[in-house]
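First listed ligand is number 1; within each ligand, the first listed atom is number 1. Note that the structure is a prediction, hence the values are computed from the model and not measured.
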Amino acid sequence: MSVLVMKFGGTSVANLDRIRRAAKRVGVEVAKGHNVIVIVSAMAGRTNELVGWVEETSPLFDAREYDAVVSSGENVTAGLMALTLQEMGVPARSWQGWQVPLQTSSAHSSARIESIPTDNINAKFGEGMQVAVVAGFQGISPEGRITTLGRGGSDTTAVAFAAAFDAVRCDIYTDVDGVYTTDPRICEKARKLDRIAFEEMLELASLGAKVLQTRSVELAMRFGVRLRVLSSFEEQSDNAGTLVCAEEDIMESNVVAGVAHSRDEAKLTLISVADRPGIAALIFSSLSEAGVNVDMIVQNISEEGRTDMTFSCPTNQVARAEQALDKAKEAEILNYREVIADTGVAKVSVVGIGMRSHTGVAAKMFKALSDEGINIKVITTSEIKISVLIDRKYTELAVQSLHDAFELEKAV
Ligand code: ADP
Ligand code: ASP
Ligand code: MG
């Protein structure tokens, strides 16, 4: 029998009433003859609350206990969803990650899925169970400890289940009715896209569009999962929402598919480092050993054998980065004058596979920003995206002006 995966995000299971609404949608798919695997998130706001409790109890927390606490929100919704379905007369039961068992790496708080055995759940489907409700975002490490997959990780749980069970589709139910040209909360002209290519979605997600966790798009692309994003608040229909699909399945794509932003950015500049082979390797190996995720990197023109090196990283890693650089200086591994941290920046990016064959996208982007008097601090590009770092206070203005410049209000 065909398996369908349906994932409900936090706002879609925010209270008992919403859980009932979500369960009704599941009931409709069961009535069509699918066996359904439902992946649930924690109730809206719950994961933030749990993270807050951990940080208040222990600022330098043990990541294994962080995962034990933070994964618990999903356990509640999984049980409640199974109970709601049973009340509707649909045979259902819940699974926590370890019961499947969804095996992951030991990288607590950002673990990677390693395997999902299907026999356990398939055996229950064979016995007449119609819905398996699985707690998203969590798994079990080789050491037998509970792990979590990083914020937004239930999307990845859903896609991984769809791949493992060879599901007909993976439907991600959320609080917007699809993937938009940009975050509809900050640009009212944002347009919903009927389709978006995996590559574009991957870039948008990794550049801050949190509608899907990046890793979920990566998995969908690798395993050819039919991935759909849709609203749990609107009428149910077979072609609602946005289909994330292969490039070949899109008739004609726009040069720019969307604009993404991330406010969680900081810029650090090392002033006056030696300009000679090996220095960049030293700087960035010190940072990586300290667990700093470096994103953009720029090296300035050198003068008299010295140069400045600028990089960006998430705001909550600035202290760690400064500490790592200090340590390297003290140990006389690195020599620089000072580190200047700017924690008031944001990254705004335009993404589109059409950029491979069109010129002028960068020029248009920079012109649109300069027309608004927005100064660009750092630029990076890849084949299908251009990102800039700007003052955080201009984030919304930048997104809106880029949306206008690329006429995304006409996108479909
Ligand atoms: P869930 O709790 O269902 O997982 P999330 O809050 O993680 O939902 O993701 C949905 C949110 O993603 C939307 O409310 C929207 O503000 C945001 N978002 C950012 N960029 C986009 C985009 N391009 N298209 C749609 N939503 C976006
Ligand atoms: N509840 C987790 C979070 O808020 C996972 C998810 O919702 O995808 O990050
Ligand atoms: Mg999410």
Open item on the list: Once you restrict to heavy atoms under 4.0 Å, what part of P184 touches ligand 1? Side chain, backbone, both or neither.
Closed with: side chain
- [ ] Answer with yes or no after comparing the ring centroid distance for F233 and Y173 against a 6.0 Å cut-off, counting only values under it.
- [x] no
Open item on the list: Students should be able to answer this: which protein heavy-atom is nearest to atom 25 (C) of ligand 1, and at what distance?
Closed with: G178 O, 3.4 Å
TODO: Nearest heavy atom to atom 6 (O) of ligand 1 wins, so pick from K210, K192, H261, R185.
DONE: K210
Open item on the list: If the threshold is 4.0 Å, N to carboxylate O, is there a salt bridge linking D177 and K192?
Closed with: no
TODO: Mind telling me whether F125 and F165 have parallel, tilted or perpendicular rings, with 30° and 60° as the class edges?
DONE: perpendicular
Open item on the list: Assess whether a salt bridge exists between K124 and D119, defined as any Lys/Arg side-chain N lying under 4.0 Å from an Asp/Glu carboxylate O.
Closed with: no
Open item on the list: Tell me whether S154 reaches ligand 1 (any heavy atom closer than 4.0 angstrom to a ligand atom).
Closed with: no
- [ ] Only heavy atoms count here, so choose which of D175, D155, V211 is nearest to atom 13 (C) of ligand 1.
- [x] D175
Open item on the list: Polar contacts were defined as any N/O atom of the residue lying under 3.5 Å from an N/O atom of the ligand; does this apply to T47 and ligand 2?
Closed with: yes
Task: Neighbour count above 12 (heavy atom, 6.0 Å) for R18 CZ - done: yes
Open item on the list: Is it true that D264 and T315 share a donor-acceptor pair across their side chains at a distance under 3.5 Å?
Closed with: yes
TODO: Give the residue, atom name and distance (to 0.1 Å) of the protein heavy atom nearest atom 21 (C) of ligand 1.
DONE: D183 CA, 3.7 Å
Open item on the list: Just checking Q86: does its CD atom have more than 12 heavy atoms from other residues, nucleotides or ligands closer to it than 6.0 angstrom?
Closed with: yes
- [ ] Go through ligand 1 atom by atom and flag the ones less than 4.0 Å from a non-hydrogen atom of A209.
- [x] 19 (C), 20 (N)
Task: Reference residue Q138; test side-chain hydrogen bond (donor to acceptor under 3.5 Å, both in side chains); the match among T148, T157, D67, N75 - done: N75
TODO: Look at ligand 2 and say whether G136 reaches it with a heavy atom at a distance under 4.0 Å.
DONE: no
TODO: Below 4.0 angstrom from a heavy atom of T174, which ligand 1 atoms are there? Numbered from 1 as shown, please.
DONE: 1 (P), 3 (O), 8 (O), 10 (C)
Open item on the list: Using a 4.0 Å heavy-atom cut-off, which part of R46 comes near ligand 2: side chain, backbone, both, or neither?
Closed with: neither
Open item on the list: Students should be able to answer this: which protein heavy-atom is nearest to atom 9 (O) of ligand 2, and at what distance?
Closed with: R151 NE, 2.7 Å
Open item on the list: Using only atom types and a distance under 3.5 Å, with no angle test, would you say the side chain of R215 pairs donor to acceptor with the backbone of L149?
Closed with: no
TODO: For the pair E289 (side chain) and S286 (backbone), establish whether a donor and an acceptor sit closer than 3.5 Å, ignoring hydrogens and angles.
DONE: no
Task: Numbering as shown, the atoms of ligand 2 that approach S41 to under 4.0 Å (heavy-atom distance) - done: 6 (C), 7 (O), 8 (O)
Open item on the list: Tell me whether T11 has any N or O atom under 3.5 angstrom from an N or O of ligand 1.
Closed with: no
Open item on the list: Heavy-atom contact check, 4.0 Å cutoff: does L204 meet ligand 1?
Closed with: no
Open item on the list: Below 4.0 Å, non-hydrogen atoms only: which portion of K7 touches ligand 1? Side chain, backbone, both or neither.
Closed with: side chain
- [ ] Give a yes or no on whether a salt bridge exists between D295 and K347, defined as a side-chain N under 4.0 angstrom from a carboxylate O.
- [x] yes
TODO: Below 4.0 angstrom from a heavy atom of Y180, which ligand 1 atoms are there? Numbered from 1 as shown, please.
DONE: 22 (C), 23 (N), 24 (N), 25 (C)
Open item on the list: At under 4.0 Å between heavy atoms, is it the side chain or the backbone of I172 that contacts ligand 1, or both, or neither?
Closed with: neither
Task: Check: T104/E114 side-chain N/O donor and acceptor closer than 3.5 Å - done: no
Task: Heavy atom of R191, distance to ligand 1 below 4.0 Å - done: no
- [ ] For S41 and ligand 1, answer yes if some heavy atom of the residue is under 4.0 Å from a ligand atom, otherwise no.
- [x] no
- [ ] Any atoms of ligand 1 less than 4.0 Å from a non-hydrogen atom of G10? List them with their elements.
- [x] 2 (O)
TODO: Examine the side chains of Q213 and T156 and answer whether a donor and an acceptor come within less than 3.5 Å of each other.
DONE: yes
- [ ] Classify the side-chain pair T269/T310 by whether it contains a donor and acceptor separated by less than 3.5 Å.
- [x] yes
TODO: Looking only at distances, please establish whether an N/O atom of ligand 2 is found under 3.5 Å from an N/O atom of G152.
DONE: yes
Open item on the list: Closer than 4.0 Å to some heavy atom of V179 - which atoms of ligand 1 meet that?
Closed with: 24 (N)
